[in-house]
Amino acid sequence: MSILVTGGAGYIGSHTCIELLESDYDLVVLDNLSNSSVESIRRVENITGKSIKFYKADLLNRNEVEQVFIENTIEAVIHFAGLKAVGESVHKPLQYYQNNISGTIILCETMEKYGVYNMVFSSSATVYGLQQQVPLSEELPIKATNPYGRTKLMIEEILRDLYNSNNSWSIALLRYFNPVGAHPSGLIGEDPNGIPNNLIPFISQVAVGKLSCLNIFGNDYDTKDGTGIRDYIHVVDLAYGHIKALEKVLSSSGVDAYNLGTGKGYSVLEMIRSFEKASGRNIPYEIVGRRTGDIAISYADPSKAIAELKWIAKKGIKEMCEDSWRWQLHNPNGYKTETKVLRVT
Ligand code: NAD
Ligand code: UFG
């Protein structure tokens, strides 16, 4: 029996593959490599000393997806595959709806056909949209503010309908807050295409000298220092959350949403200071206008995941920044960087 990981070559997927292999699961990874490199899979195998059966396949290609289910006995699916850039989704909504929603529907249809009813799905805190109160808890009404967010919201609803139609399904909807950091080996991490959109990858590239200055998007929010506050979560903690969610879906049925966050919020300026300490580098910045669509404060109420999944985030912003920096320093060109020195054998 194997666990199928869609999008397993990507940032969060590759870290989750390590946790799965270390928990002795057999893995099959399906990824079209549209936003990743097969090098991440090779490095995961290197770190763990275990092998992964990899399919370069697209969720939109029903035959390719079905082939995976024909050739393997799949017990559960951890479904990461999707497009994730908020700004791009505003310009290319149809691409996002087709890739994320149609891809998920094809995956679920194939799962039903092969009698596989266990799924852990990558949702996002973006489904909370703009709320009046923090911390954000799972009972709040969900509403999205951009096409990417709407794909997550719609997929959550589709998966609830699926469970209502057939109670054999067992589904965890994991609402990630702000994943950052990298595996402590420095061998795998986030490898954005082009100029990063997100704060920590941007700061990392300023620290390493690839970019000259960080733009801080607004210092006039109603927060402690005027900059935006987020719940940054170490990707290794997040990855481990998938193991706990998998254990839950394998032992019960139903559909449940869980926040995966630390419950603590840090401002942009606090993150800059922490990164400067971790890297020993100065991060020049400039205050510019607010970014359209940004909210002032977002942080999780993680109590449901703590109570029901027996999961809690353990790593603080010091480790987040140190591990992001180690990955950036040793891999200035992401997975295109030669890793002879770092390779674990
Ligand atoms: P990522 O882009 O690194 O990983 C996604 C992977 O899916 C990539 O390897 C990509 O090649 C693959 N993929 C995309 N479309 C595919 C398709 N049609 N068929 C097969 N493979 C496909 O992103 P990530 O940061 O690892 O995010 C993983 C999941 O978590 C995504 O669903 C994302 O929306 C969600 N999420 C991410 C964040 C974040 O800040 N990183 C926050 C909340 C939710
Ligand atoms: N920020 C800057 N400058 C930058 C980048 C970001 O000041 O160059 C600020 C933002 O304004 C925000 C904070 O840093 O206050 C964090 O921004 P990110 O872009 O890193 O993260 P977001 O919270 O905007 O969005 C992320 C993901 C979304 C996801 C959301 C909730 O990118 O996909 O978290 O999970 F939906």
Side-chain angles (χ1 to χ4, degrees), residues 5-16 29-38 40-41 55-61 64-65 78-87 89 95-96 98-100 102-104 106-107 121-129 136 144-146 148-149 151-152 155 174-180 189-193 195-203 205-206 211 213-219 221 223 227-233 235 238-239 242 259-261 265-269 271-272 285-288 290-298 300:
V5 183
T6 75
Y11 172 46
I12 306 168
S14 56
H15 287 82
T16 303
V29 166
L30 177 162
D31 199 303
N32 66 2
L33 303 180
S34 59
N35 194 38
S36 53
S37 149
V38 76
S40 66
I41 297 290
Y55 288 81
K56 182 174 185 302
D58 197 312
L59 280 184
L60 296 176
N61 185 324
E64 288 181 357
V65 177
I78 304 186
H79 177 31
F80 293 103
L83 298 173
K84 63 164 183 177
V86 174
S89 79
Q95 194 184 336
Y96 272 67
Q98 187 182 42
N99 191 76
N100 293 4
S102 303
T104 301
I106 290 172
L107 174 66
F121 171 63
S122 299
S123 187
S124 166
T126 196
V127 299
Y128 292 114
L136 300 164
T145 56
N146 56 69
Y148 162 72
T151 69
K152 294 295 180 192
I155 294 168
L174 302 185
R175 296 178 179 163
Y176 312 154
F177 280 70
N178 287 61
V180 297
E190 187 167 10
D191 186 15
N193 274 330
I195 296 179
N197 296 310
N198 298 118
L199 182 66
I200 293 297
F202 201 107
I203 291 181
Q205 293 200 9
V206 172
L211 297 169
C213 174
L214 170 75
N215 287 330
I216 296 184
F217 299 138
N219 67 348
Y221 286 105
T223 60
T227 65
I229 290 182
R230 295 291 182 275
D231 185 339
Y232 297 94
I233 172 164
V235 66
L238 184 66
H242 292 73
N259 285 339
L260 295 188
Y266 290 97
S267 73
V268 175
L269 288 171
M271 293 310 283
I272 293 173
Y285 65 82
E286 205 176 297
I287 308 290
V288 300
R290 293 182 179 190
R291 183 170 63 177
T292 313
D294 270 359
I295 53 175
I297 305 183
S298 161

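Quick caveat, the model's predicted, so the values are computed rather than measured. Atoms within each ligand, like the ligands themselves, are counted from 1 in listed order.
With hydrogens left out, the protein atom closest to atom 10 (C) of ligand 1 is D31 OD1, 3.4 Å, a heavy atom. With respect to atom 3 (O) of ligand 1, the closest heavy atom belonging to the protein is Y11 N, 2.8 Å. In terms of protein heavy atoms, atom 40 (O) of ligand 1 is closest to P179 CD, 3.3 Å. Annotation: atom 5 (C) of ligand 1 to nearest protein heavy atom, G82 O, 3.8 Å. Looking only at heavy atoms of the protein, atom 20 (C) of ligand 1 is closest to N32 N, 3.3 Å.
Partners of Y11 by ring pair (Phe, Tyr, Trp, His ring centres under 6.0 Å), not counting sequence neighbours, listed by chain and number: H15. Judged as a side chain to side chain donor-acceptor pair (under 3.5 Å), and not counting sequence neighbours, the contacts of Y176 are S122, H242. Taking D231 as the reference, T262 meet the side chain to side chain donor-acceptor pair (under 3.5 Å) condition, with sequence neighbours excluded.
A donor-acceptor pair is defined here as one N or O able to donate and one able to accept, closer than 3.5 Å; no such pair exists between the side chain of N100 and the backbone of T151. Of the possible polar contacts, none joining the Q205 side chain to the L211 backbone as a donor-acceptor pair under 3.5 Å is found. A donor-acceptor pair under 3.5 Å is absent between the side-chain atoms of S267 and the main chain of T227, judged by distance alone.
Neither side chain, N146 nor Y96, offers a donor N or O lying under 3.5 Å from an acceptor on the other. With no hydrogens or angles considered, no side-chain donor-acceptor pair links S37 and D191 at under 3.5 Å.
On a distance-only criterion, S123 and ligand 1 share no N/O pair closer than 3.5 Å. At least one N or O atom of I12, backbone or side chain, sits closer than 3.5 Å to an N or O atom of ligand 1. Polar contact with ligand 1: present for S36 (N/O pair, distance under 3.5 Å). Between L59 and ligand 1, at least one N/O pair is under 3.5 Å apart.
For ligand 1, the atoms sitting less than 4.0 Å from at least one non-hydrogen atom of S122 are 29 (C), 30 (O), 32 (O), 35 (C), numbered in the order shown with element in parentheses. Close contacts of ligand 1 with N35, meaning ligand atoms under 4.0 Å from a residue heavy atom, involve 1 (P), 2 (O), 10 (C), 11 (O). For ligand 1, the atoms lying closer than 4.0 Å to a non-hydrogen atom of G10 are 3 (O), 4 (O), 9 (O), 26 (O).
Residue-environment remark: CZ (F217) exceeds the threshold of 12 foreign heavy atoms within 6.0 Å.
Residue G103 places no heavy atom under 4.0 Å from ligand 1.
Annotation: the span from E190 atom CD to I200 atom CD1 amounts to 10.0 Å, rounded to 0.5 Å. Between the CZ atom of R291 and the CG atom of N215 there is a distance of 11.0 Å, given to the nearest 0.5 Å. Interatomic distance, R230 CZ to L199 CG, rounded to the nearest 0.5 Å: 9.5 Å. One finds the CG atom of L107 at 11.0 Å from the CG atom of L60 (value rounded to the nearest 0.5 Å).
Under 4.0 angstrom from ligand 1, the non-hydrogen atoms of L33 all belong to its backbone. Heavy atoms of N99 found under 4.0 angstrom from ligand 1 belong exclusively to the side chain. Neither the backbone nor the side chain of A125 has any atom closer than 4.0 Å to an atom of ligand 1 (non-hydrogen atoms only).
Using a heavy-atom distance under 4.0 Å as the criterion, the protein contacts of ligand 2 are K84, V86, S124, A125, T126, Y148, Y176, F177, N178, N197, N198, L199, L214, N215, I216, F217, G228, R230, Y232, V268, R291, D294.
Contact record, D294 with Y221: CB-OH, 3.5 Å, taken as the closest heavy-atom pair. Considering every non-hydrogen atom in both D58 and E64, the closest pair reads N-OE1, 2.7 Å.
Comparing R175, K152, H15, K84 against atom 24 (P) of ligand 1, the shortest heavy-atom distance belongs to K84. For atom 30 (O) of ligand 1, the choice among Y176, Y148, F121, F80 with the nearest heavy atom turns out to be Y176.
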